Amino acid sequence: MKILICSDTYIYQTNGVVTVLITLVNGLRKLDHEVKVLAPSDCRKSFRKGDDYFIRSVPALYYPGERLCLTRRDPLLDELENWKPDLIHFHTEGMIGRAAIRFAKKTNTPIVMTTHTDFAKYAFGRFNDSLPVREAARAVGKLFYPPTDAIIAPSEKSRDFYWLRPYKDKITVIPSGICLERIQRPVSKTEKTLLLRKYGLEDNGFTLVIVARISKEKNIMEILRYIPALVRALPKAQLIIAGDGPYLNKLKKHCVHHSISEHVRFTGGIAPDDVYRYYAMGDVFVSASTFETQGMTYLEAMACGLPQVCRDDGCLAGVIENGKNGFLYHTEQDFVAAVSKILLNRQLWEKMSACALEMAAGFSDKRFVQQIIALYKKALGNYSEPPRVGKQFPRVD
């Protein structure tokens, strides 16, 4: 198949959407599908790198690191139009998504869309459920989803976003996959000890780890607020936060102000190829986020055999089985009790670690790519010329 993948975020950013895109693009290309990617460039110029097409863009003022592609005409867009893809798959509700819809209408190409982000919560935070925001989100939904032939939701949580409710007959739930070969790489006991010492920590068996983009919506501040109570229960407890982002300085200042810096370390930005080493530094993966539609770091931590203690959220259905590969919490007391239970019982830790590794196999990149291809084939097999009418696609298990 000739597949055009479009996104407003790609290799010049670091986030879960980019991780999914790279996994999908690499998986499709390994299977000899002809794949081209359309995304914003990292500058005001358009350019091409092999089969990746980058359109000139400007910084987005509303969020650090994001970029806006404002052009409607570009020689590279003409080149993609002449290429005549069999199918267009776009991944973000932004300028590139609108360009993909215009492109598809002009070339009569079927459209598949993956919904990755709760954009109402992303843009408006705690006001996301207010009536004006709900109406605004519905309006955005009407710009993107009616022209699609199929919609992919990575979890049941995202399937139920209220702006998608009018298009439920188009939705298929396909959990995103991870490249197990990239993440399941050996780290020796000696290497783990040296990595921890690099950040002034001991390999004491009581290390919590967070791997994330350091942004406000990840709710890392909640974990920091729990550290004093955790240290009272487990004096050796220590937390390492791996990643970079716009909220990093705020978290560092909180640690200094509340005198918990001796128990918390920040690594700053980490190279994608090194991320497995940072999971290996931890004994338990923790997260307080309720923002994710699925959350790639949960899957990566699982693939590294880490038990998890995470705030209960709909995106974790089928990912964390309470008491088997981790615990879901609701309160500070729940959090401290769950972490303590895992770290003070080595036999329980080993059982949870083995369960995590077993469950990770169900989220492999190979399985993910095959499910996407199956949906592509359904979209192509059921496609007819405009007027564009949504088709019903069964769930891909």
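Since this is a predicted model, take the numbers as computed values, not measurements.
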At their closest point, which heavy atom of [X] faces which heavy atom of [Y], and how far apart are they?
X    : Y    : value
G323 : F327 : CA-CE2, 3.7 Å
Y298 : C310 : CE2-SG, 3.7 Å
R213 : K218 : O-CG, 3.2 Å
L4   : C6   : CG-SG, 3.8 Å
A242 : I214 : O-CD1, 4.4 Å
E332 : R225 : OE2-O, 3.7 Å

[X] with [Y], same ILVMFWY side-chain cluster at under 4.5 Å:
X    : Y    : value
L357 : M296 : no
L344 : Y226 : yes
I5   : M1   : yes
V275 : L306 : yes
Y167 : I88  : no

Original post:
Heavy-atom count around Q333 CD within 6.0 Å, excluding the residue itself: above 12?
Top reply: no

Original post:
For K2, does the NZ atom have more than 12 heavy-atom neighbours from other residues, nucleotides or ligands under 6.0 Å away?
Top reply: yes

Which residues pass the side chain to side chain contact (heavy atoms under 4.5 Å, CB included) test with [X], sequence neighbours left out?
X    : value
L195 : E191, R277, M281
A288 : N219, E222, I223, Y329
L201 : L196, Q238, I240, R265
K253 : none

**OP:** For H263, enumerate each residue passing the ring pair (Phe, Tyr, Trp, His ring centres under 6.0 Å) test, keeping only those at least two apart in sequence or located in another chain.
**Re:** none

Original post:
Got a sec, which residues hit ring pair (Phe, Tyr, Trp, His ring centres under 6.0 Å) with F285, two or more places apart in sequence or on another chain?
Top reply: none

Restricting to side-chain hydrogen bond (donor to acceptor under 3.5 Å, both in side chains), what partner residues turn up for [X], sequence neighbours left out?
X    : value
N325 : none
D160 : K168
Y278 : Y199

Should [X] and [Y] count as an ion pair when the cut-off is N to O under 4.0 Å?
X    : Y    : result
K236 : D283 : no
D313 : K157 : yes
D203 : R197 : no
R48  : E79  : yes
K36  : D51  : yes

Subject >> Straight-line distance of F335 CZ to I227 CD1, nearest 0.5 Å >> reply: 6.0 Å

**OP:** Report the distance from atom NZ of K170 to atom CD1 of I111, rounding to the nearest 0.5 Å.
**Re:** 8.5 Å

Subject >> Selection residues 91-110 - residue pairs positive for ring pair (Phe, Tyr, Trp, His ring centres under 6.0 Å), sequence neighbours left out >> reply: H89-H91, H91-H116

Donor-acceptor pair, distance only, cut-off 3.5 Å: does the side chain of [X] make one with the backbone of [Y]?
X    : Y    : value
D274 : I270 : no
T148 : V112 : no
R44  : R56  : no

Original post:
What residue pairs, at least two apart or across chains, pass side-chain hydrogen bond (donor to acceptor under 3.5 Å, both in side chains) with a residue in residues 339-359?
Top reply: none

Subject >> Aromatic ring proximity Y53/F47, centre distance under 6.0 Å >> reply: no

**OP:** Compute whether any side-chain donor of one residue and acceptor of the other, for S289 and S287, lie under 3.5 angstrom apart.
**Re:** no

Side-chain atoms of residues 175-184: list all donor-acceptor pairs with protein atoms under 3.5 Å, sequence neighbours left out, distances to 0.1 Å.
| unit_1 | atom_1 | unit_2 | atom_2 | d |
| --- | --- | --- | --- | --- |
| S176 | OG | Q294 | OE1 | 3.1 |
| R182 | NH1 | P272 | O | 3.2 |
| R182 | NH2 | E300 | OE2 | 3.0 |
| Q184 | NE2 | A303 | O | 2.9 |

